[in-house]
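Step one of this worksheet: look at the structure below.
Naming convention: chains lettered A, B, ... in sequence-line order (proteins, then strands); numbering from 1 in each chain. Because the structure is a prediction, the values reported are computed rather than measured.
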2 protein chains.
Amino acid sequence: MPTRDDTAATPASAPAGLTASILGDDLSFLLARANALSLSAGNAALAVHDLKARSYAVLAAACATPPPSQRELADFLRLDPSQVVSLVDQLEQRGLVERRADPQDRRANAVVATAAGEALARDAQQTARRAEEAVHGDLDPDERRTLMALLRRLAFAS
Amino acid sequence: MPTRDDTAATPASAPAGLTASILGDDLSFLLARANALSLSAGNAALAVHDLKARSYAVLAAACATPPPSQRELADFLRLDPSQVVSLVDQLEQRGLVERRADPQDRRANAVVATAAGEALARDAQQTARRAEEAVHGDLDPDERRTLMALLRRLAFAS
DNA sequence: TATTGTTATACTCTATAACTATA
DNA sequence: TATAGTTATAGAGTATAACAATA
């Protein structure tokens, strides 16, 4: 639940009373707080490319094969379909993605990255990865793998 | 970065192309998606108590000893101080927390749960825990502990 | 009749700046 | 001079409903 966009960061430590409180072993809270830190670090870093975590996610997904439809993007990124419209609009105006009509289903638009979009996605991925490391830099590679595997099960449960 | 309040849920599974995309091993994205699922499940469940994840977090923190100041709440929950004002206002109007002037520093308000607040926090904690289990129910206790320990390091790094 | 994408709109959340009272 | 809390406000993010085109 927390989110705050402070680039010049909050002291991440907390009063002992609070870390030991009910919330201290609340998985949802830890998830929320970890996400908030990661999100603000990511947004700050991606600003160099004129992207945010959201738009980067759409761009990165548009590099997949086969390219996703807007509906698939909405489901995968957990965005409202109307939000996807506006994110794709912005990326399309910058020439980073294209809407390509699906010949199978003419209601659907595949969102596919242009060459410029793919290049930017690669750069932004590097940027994002470096920002991530600042957040979880003290996890060793094994721990990182473990964490990702467990998170993946939460993120794509059922 | 994703958040969407769909109670009647999205199919959590995703096109293989997307799970295998750049985002598939992006820790920030997994964190964001796992958090989004957990948050919407939490909000939906806590609605029974007229709480959301945010207000529940404030209430739960107000049960800690020593009771946190608003500034400490803001840092711990990663909320803006002005948001804390409004959340505390709401809880105070419902008689669930009180602002108690700190005799040491008369600028500061400790936010402390009332008896009713503590009772509700206990109920809500049960509710939240049950909702959590729906999200990460397929993790065994060991995996859950591991996940929490790793997340705690991200959430309170440095 | 249901679904994809779209638009418009209302609402919630978040960030910023200015102010007060204390320190 | 700096910090805790407050207020007001603007901006970003999110949800809802209605519609056209297609299935």
Under the criterion side-chain contact (heavy atoms from CB on, under 4.5 Å), I'd like the reasoning laid out for Leu31(A) against Leu151(B): C-alpha separation, chi angles, the key distance, then a yes or no. CA-CA 7 Å; Leu31(A) 216 40; Leu151(B) 280 179; 3.6 Å; yes
Show, in sequence, the C-alpha distance, side-chain angles and deciding distance for Arg78(B) and Leu37(A), and conclude whether the side-chain contact (heavy atoms from CB on, under 4.5 Å) test is met. CA-CA 9 Å; Arg78(B) 285 191 63 80; Leu37(A) 290 168; 3.3 Å; yes
Checking Met148(B) against Leu139(B) for the side-chain contact (heavy atoms from CB on, under 4.5 Å) test, could you report, in this order, the C-alpha distance in whole Å, the side-chain angles of both residues, the deciding distance, and whether it holds? CA-CA 11 Å; Met148(B) 295 232 319; Leu139(B) 298 188; over 6 Å; no
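Atom-to-atom, CG of Asp80(A) to P of dA8(C) comes out at 16 Å; the value is rounded to the nearest Å. Distance CD (Gln90(B)) to P (dT6(D)): 13 Å, rounded to an integer number of Å. Atom CG in Asn109(A) sits about 12 Å away from atom P in dA23(D), given to the nearest Å. Put simply, CG on Asp89(A) is 11 Å from C1' on dG5(C), counting in whole angstrom units. Rounded to whole Å, the distance from CG on Leu87(A) to P on dG5(C) is 14 Å. dT16(D) atom C1' lies 16 Å from atom CG of Leu79(A), rounded to whole Å. Straight-line distance from the CD atom of Gln104(B) to the P atom of dA23(C): 10 Å, rounded to whole Å. Rounded to a whole Å, the CD atom of Glu92(A) is 13 Å from the P atom of dG5(C).
Scanning atom types as modelled, no donor and acceptor separated by under 3.5 angstrom connect the side chain of Arg71(A) and the base of dT4(C).
As judged by a 4.0 angstrom heavy-atom cut-off over every strand, Asp102(B) is placed among residues making no nucleic acid contact. As judged by a 4.0 angstrom heavy-atom cut-off over every strand, Ser82(A) is placed among the base-contacting residues.
Applying the 4.0 Å criterion to OP1 and OP2 of dT6(C), one finds that Arg99(A) has a side-chain N or O inside that range. One finds no side-chain N or O of Arg107(A) lying less than 4.0 angstrom from the OP1 or OP2 phosphate oxygen of dA23(D). Proximity of Lys52(A) to the phosphate of dG13(D): a side-chain N or O atom is located under 4.0 Å from OP1 or OP2. Phosphate proximity of dA12(D) to Asn43(A): absent, as no side-chain N or O sits under 4.0 Å from OP1 or OP2. Between Gln83(B) and dT14(C), a side-chain N or O to OP1/OP2 separation shorter than 4.0 Å is present. Contact check, Arg106(A) against dG5(C): no side-chain N or O comes under 4.0 Å of OP1 or OP2.
Relative to the side chain of Asp105(B), the nucleotides dA23(C), dT6(D), dT7(C) differ in distance, and dA23(C) lies closest. Of all nucleotides listed (dT4(C), dT14(D), dT6(C)), dT4(C) comes nearest to the side chain of Ala108(A). Side-chain proximity of Arg54(B) to the nucleotides dT7(C), dC13(C), dT6(D) is greatest for dC13(C).
Just one residue in the list Leu27(B), Asp26(B), Asp25(B) forms a side chain to side chain contact (heavy atoms under 4.5 Å, CB included) with Arg129(A), and that residue is Asp25(B).
Taking the six-membered ring wherever Trp is involved, the centroid distance between the rings of Phe29(B) and Phe76(A) falls below 6.0 Å.
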